[in-house]
Structures are given as structure tokens and as C-alpha cells.
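Reading through the C-alpha cells given below for one structure.
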Amino acid sequence: MLYINKVPIPDLSVEGAIAPYAKDIESAFTKFAESTGDTLDNSTKQAVLDQLITWSGPGKKETFPSWPAAVRAAHSNIKTGGLLGASHMEEVKAHSKEGFNMAMGSVNWANCGKTSDNILFELKKLHPQLADGITSGERLTFPAGKGEAARQALSAMPQQGQILLLDCTFPLVHTFVLEVHSNGNRYLCQGYQGAYFANWWTGKDNNGLIIGKEQDRDITEADRIRLNGTRDGWGLGKAIPVDRFEAMVLTLAKALNVAGEQDVAEDFNDSDKVAELTERETAAWRAFAKFWLDLPFFPVKREADSVGKRTTRPEIQITRIQLPDLAKGTGVSISVPVIPNSIKG
């Protein structure tokens, strides 16, 4: 049995059991890297996850004050030849392969940045001829106050015979992929950490909604209705209606412009000025967050409140990736098919 902060964790090898903890585990990996300077590679993350899955099953009680502490212990156990030492690795993988795959699917496809990375990786793997185009994308940054320029970049169309991928990031908030075809078809692909898997967003796995009623009681019924309506209008692997897309980029542009109207102190050398700068930058996010419920990402009030507490100035980074049109002018998505059908990844 595995206990985190005195709370029993269910057997993570059971299908779907790891989903509510994916955000905590991913955060623990990040904190491990920050505290040790050692960024875990994918195979080591897999081994750590498998150790956590094993601990959560029947047997000796394992207790940790937090998920980061559990990850550190699992990593130490691997390095010192514990259960997941080299001589036992295959045995454990065979024992909990289903939970092992589920864990990696959870971490990789419920995290917005990893969803973006995985889409590009899978496209390169499935279509090697796209590799050069994917790796040579051009990054553009539009800070608060440059909403119109961001709107124009998001509204760009590819030439006939090409597809345009826009890999978009609000740093420390959200990452999403827009796929644009020359016939006007656009597709939005994304996962959202702690909220839903990319599989749920594209309509491939309705069990991929992490914030079920039992998992997250802080989400209101109005939030759930709004989120499901957003998926209906923007996801499910369907092309986005033109009028809906145009309304979205106008909203996003306005949010950036209003955020840019917040003053920033020019002289902040002493501690009071630093505090003043932080407050004014947070004010920019508070202004931006007022538009959050109208954007098709995770439109729930709790998340809007969280976005409004961020620091550093809002901006959007857009990486333009131009690719040959493998859809041959039909406007059919090339990104949606590479997202797994199951949360097992």
C-alpha cells in the first residue's frame, strides 16, 4: 500500500486509477529536477512510475509526506538496485505493464506542453518526410499590448499544397496546437494538466476527463457544462467553424491588449519597487484572466482565478511550422490521428 501525506493511494495498476494523480506526479518530476539538477530521461521516468505503481499494490506499507518525496525514494531505489534494479526491471514491467503504459500515457497526454511535443514527435515518426519542416519552425513572441499582431499570426493561412502548424504557448499557463489548411479548415489539439487528456478533447476516450464529479468537487456544474460545450464546439477532431475561430482570436487579442494597458514600474531596484513590479505584473494577468472563460482551453472559474494570480507579463509564443499537405487538399487533419485512442497512451 502507498500512502501520500497519510492518504491511501489506490492500486495504480487498475485502469484509470492513475489519472487523478497525473498532475501531482508530473509536478514531482519537475521538483526533482529543480532540487537535484538531474533531469530524468524518459526511461528513468518510466521506471520511477513503475515503482510507484508497484508500491500502490498489495504488500508492505510505503508512506511518504508528498509525491516529490515518493519520486525521490523511487529514484533512489532504482539507483541502488532495489525492486527496479537492473536484475528485476523486466519482471516488474511484466507484472504491471498495463499500469506502466497507463502511467506514461497519463503524464504525456494530460500535460499541454507534452501533448504538443508528442504530436510533433508522432508526426515525424509516422511521416519522416515532415521531420525537416517540424524542426525548422520559426518562433514569434507577442507580449501584452501586441494583441493585433498576435491575431494576425494566429489567422495566417498556408499556401495551397501546404499545411501550417502553429505551436502556441502562454508561458507557464498553457500550450496548444492549431493545424491550418489552405481550404480554411482549422483543428485545435490540446491536453490540459489536471483537467483532461488529449484523447478526451478529440473525442477518442470519454474516460479521459480527469475532473469527474468524484475526482474534483471544486468544479461547478456550470463549469462542466461550459467545458463540455467548448469541446463540442472546438474539439472532437472536427474543423473549427470560421466565425467561431475569428471570435476567439479577437477575444485573445483584446485580452493581450487590456493586459498591456497595466503600468509597469521602470525603476524597481529596491525591495519596495520589486514588490510594486510584481503587483503590476499580476495586475496584467488579472486583466487577461477576465477573458479566460471565453477562450477554448480550460474555461472553468477556478482556473481563471489561478491564471489571474500569475506573475511576469502575459505573452503568447507562436512557432510557425510549414509542412507539405499530406491531406492532398481535402482539409482532413493530420494531427488528430496521431493522438492515441486510449489514455494508456
Side-chain angles (χ1 to χ4, degrees), residues 9-27 29 42 45-46 49-50 52-53 56 96-123 125-126 165 167 174-179 185-219 221 223-240 296-300 303 332-345:
I9 304 301
D11 187 345
L12 297 177
S13 68
V14 175
E15 183 168 356
I18 204 168
Y21 307 103
K23 182 177 180 180
D24 293 322
I25 294 171
E26 181 63 22
S27 176
F29 283 144
N42 197 47
K45 283 185 177 182
Q46 290 177 351
L49 283 165
D50 223 349
L52 295 174
I53 291 168
S56 71
S96 60
K97 183 177 180 182
E98 183 176 1
F100 174 82
N101 290 336
M102 184 194 320
M104 287 312 297
S106 298
V107 171
N108 288 337
W109 293 100
N111 174 289
C112 55
K114 290 187 181 298
T115 294
S116 170
D117 290 344
N118 287 342
I119 288 172
L120 298 179
F121 176 82
E122 294 295 334
L123 282 173
K125 186 168 71 173
L126 185 62
L165 294 184
D167 188 4
H174 185 49
T175 296
F176 59 96
V177 175
L178 276 173
E179 176 186 334
N185 281 8
R186 291 182 174 90
Y187 301 87
L188 174 60
C189 292
Q190 59 186 351
Y192 205 101
Q193 188 161 309
Y196 56 81
F197 299 100
N199 321 76
W200 177 82
W201 177 259
T202 51
K204 296 184 177 187
D205 188 350
N206 283 329
N207 291 321
L209 181 61
I210 297 174
I211 58 162
K213 290 185 178 180
E214 296 304 316
Q215 292 96 327
D216 197 332
R217 299 180 185 276
D218 292 336
I219 304 298
E221 190 60 28
D223 286 330
R224 298 180 197 283
I225 292 171
R226 190 185 307 110
L227 178 58
N228 280 291
T230 298
R231 183 180 72 151
D232 291 344
W234 289 84
L236 299 178
K238 301 183 299 185
I240 305 165
F297 308 128
F298 184 35
V300 305
E303 187 67 5
V332 174
S333 175
I334 64 171
S335 299
V336 171
V338 304
I339 295 173
N341 292 326
S342 165
I343 63 169
K344 297 176 187 178

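Quantities reported herein were computed from a predicted structural model and do not represent experimental measurements. All values below come from the heavy atoms of this structure, side chains included, with hydrogens, waters and symmetry mates left out.
- Annotation for D11 and I53: closest pair OD1-O, 4.5 Å, computed over non-hydrogen atoms.
- Between W201 and T230, the closest side-chain pair of non-hydrogen atoms falls below 4.5 Å.
- The shortest non-hydrogen separation linking V338 to I334 is CG1-O, 3.8 Å.
- Between Y192 and E303 there is a side-chain heavy-atom pair separated by less than 4.5 Å.
- Under the 4.5 Å side-chain criterion, counting only non-hydrogen atoms from C-beta, I119 is not in contact with L165.
- Interatomic distance, L123 CG to N118 CG, rounded to the nearest 0.5 Å: 11.0 Å.
- Contact of the K204 side chain with the F197 side chain is not registered, since no non-hydrogen atoms from C-beta on lie closer than 4.5 Å.
- Taking every heavy atom of both residues into account, P340 and N199 meet most closely at O-ND2, 2.6 Å.
- Between L178 and L188 there is a side-chain heavy-atom pair separated by less than 4.5 Å.
- Applying the salt bridge (charged side-chain N to carboxylate O under 4.0 Å, His left out) test to K238 and every residue at least two apart in sequence or in another chain returns nothing.
- Considering all non-hydrogen atoms of both residues, Y187 and I240 come closest at C-CD1, 4.1 Å.
- The closest donor-acceptor contact from the side chain of S56 to the backbone of L12 lies under 3.5 Å.
- In terms of heavy atoms, N185 sits closest to A239 at CG-CB, 3.9 Å.
- The backbone N or O of P296 sits less than 3.5 Å from a side-chain atom of Q190, completing a donor-acceptor pair.
- Taken to the nearest 0.5 Å, the CD1 atom of I210 stands 10.0 Å off from the OH atom of Y196.
- The nearest pair of heavy atoms linking G203 to L236 is CA-CD2, 3.6 Å.
- With rounding to the nearest 0.5 Å, the separation of CG in N206 from CZ in R231 is 4.5 Å.
- Residues R224 and I219 have side chains in contact (heavy-atom distance under 4.5 Å, counting atoms from C-beta outward).
- For the pair Y21 and I9, the minimum side-chain heavy-atom distance is below 4.5 Å.
- Residues F298 and H174 form no side-chain contact, since every pair of their non-hydrogen atoms from C-beta on lies 4.5 Å or further apart.
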Query - Verdict with reasoning, T175 to D167, per side chain to side chain contact (heavy atoms under 4.5 Å, CB included) - result: CA-CA 7 Å; T175 296; D167 188 4; 3.7 Å; yes
